[in-house]
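Because only heavy atoms are used, hydrogens play no part in the values below, and waters and symmetry mates are left out as well, while side chains stay in.
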Amino acid sequence: MNKTQAAFHALPTDLVSKLCRTKATRLSLKQMYSLGRHVLESKSQSALVIPAVFLYQELPIRLSHALKLLNSTLLPVNMTDMPTFQQVARSYVEDISLVTQMPKPSTPKLEEEFTALLRNLEQRHKVKMLSISQGFRELVASVQQSQCTKVLSSSCGSSTKDGHNGRCIDPETDKAIQSFFNRFYTINLGTRLLIGEHLALHDRGLNLVQRVNPLAISKQAIHDAQRVCVAHYGQSAPSVLILTPNPDISATYVDEFLHRNIYELLKNSMRATCDAHIRSGAPVTIGLSPYSSVGAGGEINSTARSAMPPVTITLVDGGEDVTIKIMDQGGGLAMSEMDNIWSYVNSVKSRPPPSAQDIASSNISAAADSLASMGGVASEAKDYLDSPLHGSGHGLPLARLIARYFGGDLSLVSMEGYGTDSYLSLYRNDDHLENFPEVDEEMQAEVDVFVNELMDDCHVDPHTLFRLKTGPLAVSRSVAAGSSIVSPVHPVPAGMALGLKQVSSAATVTELPSSSSPSRIGVPSSSPTTEAASNL
């Protein structure tokens with residue numbers, strides 16, 4: 001019996017289908033921060049039981065949503081026919097089984113066992129993301145072959161030259177691929193954040209959601225981006241100026257999320273600046289300065305300062321948003337190319353071709369590799385810093401997903417022939433809920449078909465599965481109890497309630513407070529929070 005067969009034998013019948021129909025409980029930065037502070041200030045391992053129980057209830061639902069999306073018909077090619085995606089889907093079934101077979105982590109000892117499982121899930125997630133990178137290549141190749149075959153005799157050759165950068169993927173298909181992977185990566189982003197937060201609390205004694213200083217994070221991102229730029233070009237990176245009327249700006253956010261996004265934008269600006277001015281023959285001071293530091297005035301100090309125009313960062317503390325503007329003089333982009341910066345498939349035409357070393361190290365798998373490292377937010381190492389300067393072009397789409405996850409945004413304004421301004425905003429209202437994709441009932445039929453086929457492949461007897469519902473499957477029993485879905489996730493542990501200073505691990509369940517946050521990208525102002533509260 002293989003792992004998938006064993007996983008299915010351990011799951012009650014219809015559990016996966018019912019989990020797929022259950023809405024996830026979306027959290028806010030304030031809730032994560034408050035619970036993390038409570039755990040750290042209590043200095044007791046018993047305090048970790050609160051987030052552990054919540055994760056035990058929530059993870060099977062979020063994993064089922066990823067499984068549901070992989071078996072939907074949102075893409076022009078049926079992914080369920082592709083071996084790589086089939087393998088990833090089966091891996092999600094195994095993950096669901098691993099979590100639901102665990103006893104509820106209601107004691108410190110059981111919390112330790114559950115945390116060990118979370119470490120295992122984190123590693124399994126990285127493997128899945130690498131498999132997704134392979135599946136993504138197969139998907140794009142399949143779509144290209146299908147569409148190029150249709151137009152080979154007429155326009156494929158000309159479209160390759162004129163508008164598709166060597167790719168025969170039409171805009172509608174590109175949009176469908178972008179929409180699908182935006183949803184899939186967002187589900188994984190939120191799931192990995194919850195796991196990473198618990199592992200950081202347990203293993204490192206810190207919470208990922210904290211009060212961050214954008215100026216300090218910007219300085220570190222400048223240093224990291226310059227190091228990569230120097231390594232790539234073999235000469236000084238563009239200098240960076242920091243402008244801010246308030247050096248003490250702070251916001252509740254995830255340190256790594258902000259660093260990752262600023263780093264990505266700086267890396268793009270430095271690359272564009274170097275490419276534009278090196279190709280134009282502008283004078284450039286030669287010299288290595290991989291450990292440049294930021295001076296008191298915000299300018300980078302180095303032993304050999306670049307003669308290229310500087311990149312400028314402006315940080316502004318607004319009433320509703322903290323906004324970070326990164327401006328470069330890297331030549332800019334044409335208006336016709338702006339949509340392609342958010343595409344996972346079509347790259348921007350004006351980008352110089354990557355080197356053979358870059359192709360070997362990144363290529364189109366860079367997006368999934370980036371998501372794999374994103375899963376490691378609980379670790380001290382930032383794996384994305386090892387990526388080359390010229391990636392696959394997936395950095396910006398992923399950066400925008402991160403920015404929008406808690407109500408912020410990322411936008412670019414470009415002036416062809418001059419440069420590009422990037423605007424990264426952080427929403428100051430930390431009551432805003434996660435931008436976790438809603439349940440889509442239209443996908444449910446495809447999941448039911450997948451589950452039935454998998455049961456047939458595994459030779460699973462439904463009557464046997466019903467008998468397996470006894471045992472330590474507390475969450476599974478509550479989900480599979482009746483025909484109407486009563487989410488085991490909605491009763492959030494008492495420690496999740498805002499304003500609670502001291503909460504016993506045996507405290508009674510309390511309701512999530514409703515949010516008065518205004519409508520932001522991807523999250524209506526009323527329905528998500530009201531929904532969560534009303535279903536408790």
Inset, instruction - Would you please name every residue forming a ring pair (Phe, Tyr, Trp, His ring centres under 6.0 Å) with F406, sequence neighbours left out? - result: none
Inset, instruction - List the atom of M82, the atom of S142, and the distance in Å for their closest heavy-atom pair. - result: CE-CB, 3.9 Å
Inset, instruction - Would you confirm whether R62, through its side chain, and A24, through its main-chain N or O, come within 3.5 Å as a donor-acceptor pair? - result: no
Legend entry - CD1-CZ distance between I217 and F257, expressed to the nearest 0.5 angstrom: 12.0 Å
Legend entry - From CD1 (I61) to NZ (K18), nearest 0.5 Å: 13.0 Å
Inset, instruction - Report the C-alpha distance between D317 and R428 in whole Å, list the side-chain angles of each, state the deciding distance to 0.1 Å, and finish with yes or no for salt bridge (charged side-chain N to carboxylate O under 4.0 Å, His left out). - result: CA-CA 9 Å; D317 188 11; R428 296 195 67 88; 2.6 Å; yes
Inset, instruction - Evaluate the side chain to side chain contact (heavy atoms under 4.5 Å, CB included) criterion for residues H65 and L69: first the C-alpha distance (whole Å), next the side-chain angles of each, then the deciding distance (0.1 Å), finally the verdict. - result: CA-CA 6 Å; H65 285 197; L69 196 59; over 6 Å; no
Inset, instruction - Determine the interplanar angle of the F114 and Y56 rings, folded into 0 to 90°, and report it as parallel if under 30°, tilted if 30 to 60°, perpendicular if over 60°. - result: perpendicular
Legend entry - Side chains of H259 and D224 in contact at under 4.5 Å (non-hydrogen atoms): yes
Inset, instruction - Would you give the length of the straight line joining atom NZ of K30 to atom CG of L35, rounded to the nearest 0.5 angstrom? - result: 14.0 Å
Inset, instruction - Identify the two heavy atoms, one from L412 and one from M338, that lie closest to each other, and give their separation to 0.1 Å. - result: O-CE, 3.6 Å
Inset, instruction - Taking the side chain as every heavy atom from C-beta outward, state whether I50 and V39 have any pair of such atoms under 4.5 Å apart. - result: no
Inset, instruction - Walk me through it: do E122 and R192 pass the test side chain to side chain contact (heavy atoms under 4.5 Å, CB included)? - result: CA-CA 8 Å; E122 184 178 50; R192 295 308 308 142; 2.6 Å; yes
Legend entry - Check: Q31 main-chain N/O paired with S34 side-chain donor or acceptor under 3.5 Å: no
Legend entry - Any L110 side-chain heavy atom under 4.5 Å of M102 side chain: no
Legend entry - Check: L27 and F54 side chains under 4.5 Å, non-hydrogen atoms: yes
Legend entry - R400 CZ to I341 CD1 distance, which is reported to the nearest 0.5 Å: 7.5 Å
Inset, instruction - Determine yes or no for a side-chain-to-main-chain donor-acceptor pair under 3.5 angstrom, with T84 supplying the side chain and S131 the backbone. - result: no
Inset, instruction - Check whether any side-chain N or O of S97 sits under 3.5 Å from a backbone N or O of V93 as a donor-acceptor pair, and report yes or no. - result: no
Inset, instruction - Identify which one of T252, D430, D255 satisfies the side-chain hydrogen bond (donor to acceptor under 3.5 Å, both in side chains) criterion when paired with R211. - result: T252
Inset, instruction - Please assess T173 against D170 for the test side-chain hydrogen bond (donor to acceptor under 3.5 Å, both in side chains), listing each intermediate value before the final yes or no. - result: CA-CA 5 Å; T173 302; D170 62 69; 3.0 Å; yes
Legend entry - Pairwise side-chain contact, I402 with L189, heavy-atom cut-off 4.5 Å (strictly under): yes
Legend entry - Sequence-distant partners of R119, side chain to side chain contact (heavy atoms under 4.5 Å, CB included), two or more places apart: T115, A116, L199, H202, D203
Inset, instruction - Please tell me if the side chains of N429 and E320 come closer than 4.5 Å, counting only heavy atoms from C-beta onward. - result: no
Inset, instruction - Kindly give the heavy-atom pair with the smallest separation between L98 and L117, and that separation in Å. - result: O-CD2, 3.7 Å
Inset, instruction - Please report the closest heavy-atom contact between L266 and S218, naming both atoms and the distance. - result: CD1-O, 4.5 Å
Inset, instruction - Evaluate the side-chain proximity of M32 to N207: yes if any heavy-atom separation is below 4.5 Å, no if none is. - result: no
Inset, instruction - For N182, enumerate each residue passing the side chain to side chain contact (heavy atoms under 4.5 Å, CB included) test, keeping only those at least two apart in sequence or located in another chain. - result: Q178, Y344, L401
Inset, instruction - Assign the ring pair F180 / F184 to parallel, tilted or perpendicular, where the plane angle (0 to 90°) is split at 30° and 60°. - result: parallel
Inset, instruction - For N188 and I132, run side chain to side chain contact (heavy atoms under 4.5 Å, CB included): C-alpha distance rounded to whole Å, both residues' side-chain angles, the deciding distance at 0.1 Å, then the answer. - result: CA-CA 12 Å; N188 280 276; I132 285 291; over 6 Å; no
Inset, instruction - Would you give the length of the straight line joining atom CG of D95 to atom CZ of R90, rounded to the nearest 0.5 angstrom? - result: 14.0 Å
Inset, instruction - Measure from the side-chain N and O atoms of E111 to the backbone N and O of V49, and report whether any donor-acceptor pair falls under 3.5 Å. - result: no
Inset, instruction - For S343 and P397, work out which heavy atoms get closest and say how close. - result: O-CG, 4.0 Å
Inset, instruction - Carefully, step by step, assess L59 and L118 under the rule side chain to side chain contact (heavy atoms under 4.5 Å, CB included). - result: CA-CA 10 Å; L59 281 181; L118 293 181; 3.6 Å; yes
Legend entry - Least distance between heavy atoms, E264 atom then L396 atom: OE2-N, 4.0 Å
Inset, instruction - Show your working on side-chain hydrogen bond (donor to acceptor under 3.5 Å, both in side chains) between R137 and Q134 and close with a plain yes or no. - result: CA-CA 5 Å; R137 287 194 295 269; Q134 173 62 32; 2.5 Å; yes
Inset, instruction - Mark yes or no for whether S64, through its side chain, and P60, through its backbone, hold a donor-acceptor pair below 3.5 Å. - result: yes
Inset, instruction - Applying ring pair (Phe, Tyr, Trp, His ring centres under 6.0 Å), run through F136 and F181 and close with a yes or a no. - result: CA-CA 9 Å; F136 187 85; F181 281 97; 4.8 Å; yes
Legend entry - Test item: side-chain donor near acceptor, S44 and S46, under 3.5 Å: yes
Legend entry - Spatial distance of atom CG (N213) from atom CD1 (I249) [nearest 0.5 Å]: 8.0 Å
Legend entry - Non-hydrogen side-chain atoms of I324 and L265 separated by less than 4.5 Å: no
Inset, instruction - Using atom types as modelled and distance alone, determine if a side-chain donor or acceptor of D409 lies under 3.5 Å from a backbone N or O of S425. - result: no
